Novice: 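Quick one: structure below, then a few questions.
Scope of the values below: all heavy atoms of this structure, side chains included, with no hydrogens, waters or symmetry mates. None of the values given here were measured: they were computed from a predicted structure.
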Amino acid sequence: MPESEQPPVLHEARPARGADRRDFFKLAAAGAAVGFGAAGLAGRASAQTAPAAAPSDTDILNFALNLEYLEAQFYSFAAIGTGIPPALLPGTQTQGAAVGGRKANLQDPVVIQYAREIASDELAHVTTLRRVLGSAAVAQPALDISPQIFTAAAVAAGIDLSASGGVFDPYASDDNFLLAAYIFEDVGVTAYKGAAPLLSSPDNVDGAAGILAAEGFHAGIIRAALYRRGVEVPALWTATDQISALRNRLDGDVSSAGPPQRVANDDSGVSPVQTQFGLTANFVPTDSNGIVFSRNSEQVHNIAYLTQNAATSGGFFPNGTNNPNPALRRSGAN
């Protein structure tokens, strides 16, 4: 793949938020592509091997469909107590069930409306991707959205669970639901940003950009709600910082060129940050150029599988994600 041209470096408008922040424009010119379909898919150990064939649009859209199944099931159960319609589950590969979900004990009318809106959008994303993929659409993989898996994530993040007997139940309260949603939403945004440059069809690029924008709005809704509620309960700010730190650990500390660009330690919670304008909210986790970072498929799987290791299953996907392309089913060795 040809090297990227280096655009001029923009004026640094805000301070770096990650411990090892990289400049997007400097990294963008660094060289050969890594990520969804090239050498970087196999992790650092294979960084010097010949690049693999780039993934097809079908591969990339099926990668996205796996993530949409997860989000749609979580939000559907939380909002109305049932999963997505069975007609939207079959496809190529082995179909699995979504276990552990239930209607969330939401009390805040605003949070209830957030949950319903996002659930509706995520269901529409599943429907749209399946329609575009047609007979090539993969079936829903086995999904675990039970309190046990969310507890494992919370424990790994170091969240204090003493008040709940060591359990993090995403369906127990408004705050827990928002924190659980926070685990997913930022990952979805960075996954779509990483995948979008690799699509070849203009129609697919347009559709993926539209879903990316929707996921960005969803992430903003969740981050804003957590920020506002954290004014009264600062532990919520702390929890988002801990979840972001966990995602940074899971997806590795290696930065490399793209597309998609792999950037280390760019994730950040919603705790207020200092800028040249003073103390500000942190709704949008951008770099010094005001740009949201990307994750490649391995990094997304590291978070979805809740592991720093190379794996093909775990966490929210007990049997792994479904994709005919094996490179788009594995996590990286971080």
Novice: Kindly indicate whether the side chain of Leu88, heavy atoms from C-beta on, has any atom under 4.5 Å from the side chain of Leu123.
Specialist: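 Sidechains of Leu123 and Leu88: in contact.
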Novice: Sub-3.5 Å donor-acceptor pair from the side chain of Asn322 to the main-chain atoms of Ala139, do we have one?
Specialist: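 Yes, Asn322 side chain to Ala139 backbone: donor-acceptor pair under 3.5 Å.
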Novice: Sub-3.5 Å donor-acceptor pair from the side chain of Asp59 to the main-chain atoms of Ser56, do we have one?
Specialist: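 At least one qualifying donor-acceptor pair exists.
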Novice: Apply side chain to side chain contact (heavy atoms under 4.5 Å, CB included) to the pair Glu68 and Ile211, showing each step before the final yes or no.
Specialist: CA-CA 10 Å; Glu68 295 295 351; Ile211 296 179; 3.6 Å; yes
Novice: Any donor and acceptor pair, going by atom type alone, linking the side chain of Arg228 with main-chain N or O of Arg223 inside 3.5 Å?
Specialist: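 Between the backbone of Arg223 and the side chain of Arg228 there is no qualifying donor-acceptor contact (under 3.5 Å).
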Novice: Go through the structure and list residues passing side chain to side chain donor-acceptor pair (under 3.5 Å) with Arg130, not counting sequence neighbours.
Specialist: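 Side chain to side chain donor-acceptor pair (under 3.5 Å) check on Arg130 returns Tyr69.
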Novice: Closer than 3.5 angstrom, by distance alone: can the side chain of Thr307 be matched with the main-chain N or O of Asn302 as a donor-acceptor pair?
Specialist: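 Absent.
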Novice: What's the shortest heavy-atom distance between Thr240 and Val270, and which atoms?
Specialist: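 Residues Thr240 and Val270, closest heavy atoms: OG1-N, 3.1 Å.
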Novice: May I ask you to decide if Gly269's main-chain N or O and Asn282's side chain share a donor-acceptor pair within less than 3.5 Å?
Specialist: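 Yes; judged by distance alone, with no hydrogens or angles, the pair exists.
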Novice: Nearest 0.5 angstrom please: Ile221 CD1 to Tyr114 OH, how far?
Specialist: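 The OH atom of Tyr114 is 6.5 Å from CD1 of Ile221, to the nearest 0.5 Å.
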Novice: Among residues at least two apart in sequence or on other chains, which ones pass salt bridge (charged side-chain N to carboxylate O under 4.0 Å, His left out) with Asp241?
Specialist: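 Partners of Asp241 by the salt bridge (charged side-chain N to carboxylate O under 4.0 Å, His left out) criterion come out as none, since no residue qualifies.
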Novice: Donor-acceptor pair, distance only, cut-off 3.5 Å: does the side chain of Ser120 make one with the backbone of Arg116?
Specialist: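 Flag not set: sc Ser120 to bb Arg116 has no pair under 3.5 Å.
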Novice: Give the C-alpha distance, both sets of side-chain angles, the deciding distance and a yes or no for side chain to side chain contact (heavy atoms under 4.5 Å, CB included) between Lys193 and Glu215.
Specialist: CA-CA 10 Å; Lys193 183 176 182 294; Glu215 297 293 349; over 6 Å; no
Novice: If you take all heavy atoms of Gly320 and Pro141, which pair is closest and at what distance?
Specialist: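 In terms of heavy atoms, the two residues are closest at O-CB, 3.5 Å.
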Novice: Quick one: are Asp267 and Phe293 in side-chain contact, heavy atoms under 4.5 Å?
Specialist: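 They are in side-chain contact.
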Novice: Consider only side-chain heavy atoms of I, L, V, M, F, W and Y, link residues closer than 4.5 Å, and tell whether Ile80 and Val111 are in one cluster.
Specialist: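 Not linked; separate clusters.
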Novice: Answer yes if the side chains of Ser244 and Tyr182 hold a donor-acceptor pair under 3.5 Å, and no otherwise.
Specialist: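 Yes, side-chain donor-acceptor contact under 3.5 Å.
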Novice: Can you tell me how far apart CG (Asn323) and CD (Gln93) are? Round to the nearest 0.5 Å.
Specialist: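 Here the rounded value is 7.5 Å.
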Novice: Would you confirm whether Asn309, through its side chain, and Ala311, through its main-chain N or O, come within 3.5 Å as a donor-acceptor pair?
Specialist: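 It does not hold such a pair.
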Novice: Cut-off 3.5 Å, side chains only: do His125 and Glu71 have a donor facing an acceptor?
Specialist: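 No, Glu71 and His125 have no side-chain donor paired with an acceptor closer than 3.5 Å.
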Novice: Considering only heavy atoms from C-beta outward, does the side chain of Phe217 approach that of Asp121 to under 4.5 Å?
Specialist: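 Of all side-chain heavy-atom pairs linking Asp121 with Phe217, none is under 4.5 Å.
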Novice: What's the separation between atom CZ in Phe74 and atom CD1 in Ile118, rounded to the nearest 0.5 Å?
Specialist: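 The distance works out to 9.5 Å.
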Novice: Sequence neighbours left out, what pairs pass ring-ring contact (aromatic ring centres under 6.0 Å, His included) with at least one residue falling in residues 311-334?
Specialist: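 The answer is Phe150-Phe316, Phe184-Phe316.
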Novice: Decide yes or no for Ile303 and Asp251: does some side-chain heavy atom of the first lie under 4.5 Å from some side-chain heavy atom of the second?
Specialist: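 Side chain of Ile303 against side chain of Asp251, heavy atoms only: contact under 4.5 Å found.
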Novice: Membership question, hydrophobic clusters at under 4.5 Å side-chain separation (ILVMFWY): are Val284 and Ile183 in the same one?
Specialist: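 Ile183 clusters together with Val284.
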Novice: Output, in order, the C-alpha distance, side-chain angles, deciding distance and verdict of side chain to side chain contact (heavy atoms under 4.5 Å, CB included) for Leu328 and Asn62.
Specialist: CA-CA 9 Å; Leu328 298 185; Asn62 269 319; over 6 Å; no
Novice: Measure the CG-CG distance between Asn176 and Asp174 for me, rounded to the nearest 0.5 Å.
Specialist: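 Asn176 CG to Asp174 CG: 9.0 Å, rounded to 0.5 Å.
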Novice: Taking atom types as modelled, find out whether Asp160 and Ser162 have a side-chain donor-acceptor pair closer than 3.5 angstrom.
Specialist: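 Yes, a side-chain donor-acceptor pair sits under 3.5 Å.
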Novice: Val167 versus Leu161: any side-chain heavy-atom pair under 4.5 Å?
Specialist: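 The answer is no; the side chains never approach within 4.5 Å.
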Novice: Side chains of Asp57 and Ser200: do they bring a donor and an acceptor to under 3.5 Å?
Specialist: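 Judged by distance alone, the side chains do pair up.
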Novice: Ignoring hydrogens, what is the shortest heavy-atom contact between Gln274 and Leu279? Give both atom names and the distance.
Specialist: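 Shortest heavy-atom contact: OE1-N, 3.6 Å.
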Novice: Testing the basics here: between Leu199 and Asn204, what is the closest heavy-atom pair and its distance to 0.1 Å?
Specialist: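 Heavy-atom minimum between the residues: CD1-O, 3.6 Å.
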Novice: Run through Asp186, Thr190, Asp266 and flag the one making a side chain to side chain donor-acceptor pair (under 3.5 Å) with Arg295.
Specialist: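 Result for side chain to side chain donor-acceptor pair (under 3.5 Å) with Arg295: Thr190.
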Novice: Looking at CG of Leu61 and CG of Leu133, how far apart are the two atoms once the value is rounded to the nearest 0.5 Å?
Specialist: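 Separation between the atoms: 5.0 Å.
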Novice: Quick check: closest heavy atoms across Ala191 and Val300, and the distance to 0.1 Å?
Specialist: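 Scanning both residues, the minimum pair turns out to be CB-CG2, 3.6 Å.
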Novice: Can a donor-acceptor pair be found, under 3.5 Å and without considering hydrogens, that links the side chain of Glu185 to the backbone of Gly216?
Specialist: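 Here the side-chain-to-backbone pair does not exist.
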Novice: Can you see which heavy atom on Asp175 is nearest to which on Arg229, and at what distance?
Specialist: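 Result for this residue pair: OD1-NE, 2.6 Å.
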Novice: Are the side chain of Ser76 and the backbone of Ala119 linked by a donor-acceptor contact shorter than 3.5 Å?
Specialist: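 Such a contact is absent between Ser76 side chain and Ala119 backbone.
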Novice: Do Val138 and Pro324 have side chains that get closer than 4.5 Å, going by heavy atoms?
Specialist: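 In short, these two side chains touch, coming nearer than 4.5 Å.
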Novice: Under 30°, 30 to 60°, or over 60°: which ring-plane class applies to His301 and Phe63, parallel, tilted or perpendicular?
Specialist: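 Judged by the thresholds at 30° and 60°, the geometry between His301 and Phe63 is tilted.
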Novice: Would you say the ring centroid of Tyr171 lies under 6.0 angstrom from that of Phe177?
Specialist: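 No, the ring of Tyr171 stays outside the 6.0 Å limit from the ring of Phe177, centre to centre.
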Novice: Rounded to the nearest 0.5 Å, how far apart are CZ of Arg247 and CD of Gln299?
Specialist: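 Separation between the atoms: 12.5 Å.
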Novice: Quick one: does Gln73's side chain have a donor or acceptor within less than 3.5 Å of a partner on Ile84's backbone?
Specialist: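 Confirmed, Gln73 side chain pairs with Ile84 backbone.
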Novice: Less than 4.5 Å apart, any side-chain heavy atom of Gln148 and any of Thr151?
Specialist: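 Result no, sub-4.5 Å side-chain heavy-atom pair not found.
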Novice: What about Val99 and Leu67, same hydrophobic cluster or not, with Ile/Leu/Val/Met/Phe/Trp/Tyr joined at side-chain heavy-atom distances under 4.5 Å?
Specialist: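 Per the 4.5 Å side-chain linkage, Val99 and Leu67 are not co-clustered.
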Novice: With the side chain counted from C-beta on, respond yes when Trp237 and Pro272 share a heavy-atom pair under 4.5 Å apart, and no when they do not.
Specialist: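 Trp237 vs Pro272: side chains touch.
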Novice: According to a 4.5 Å side-chain heavy-atom criterion applied to Ile, Leu, Val, Met, Phe, Trp and Tyr, with indirect links allowed, do Ile112 and Phe77 form part of one hydrophobic cluster?
Specialist: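 In one cluster with Ile112: Phe77, yes.
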Novice: Cut-off 3.5 Å, side chains only: do Gln107 and Asn105 have a donor facing an acceptor?
Specialist: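 Result is yes, a qualifying pair exists.
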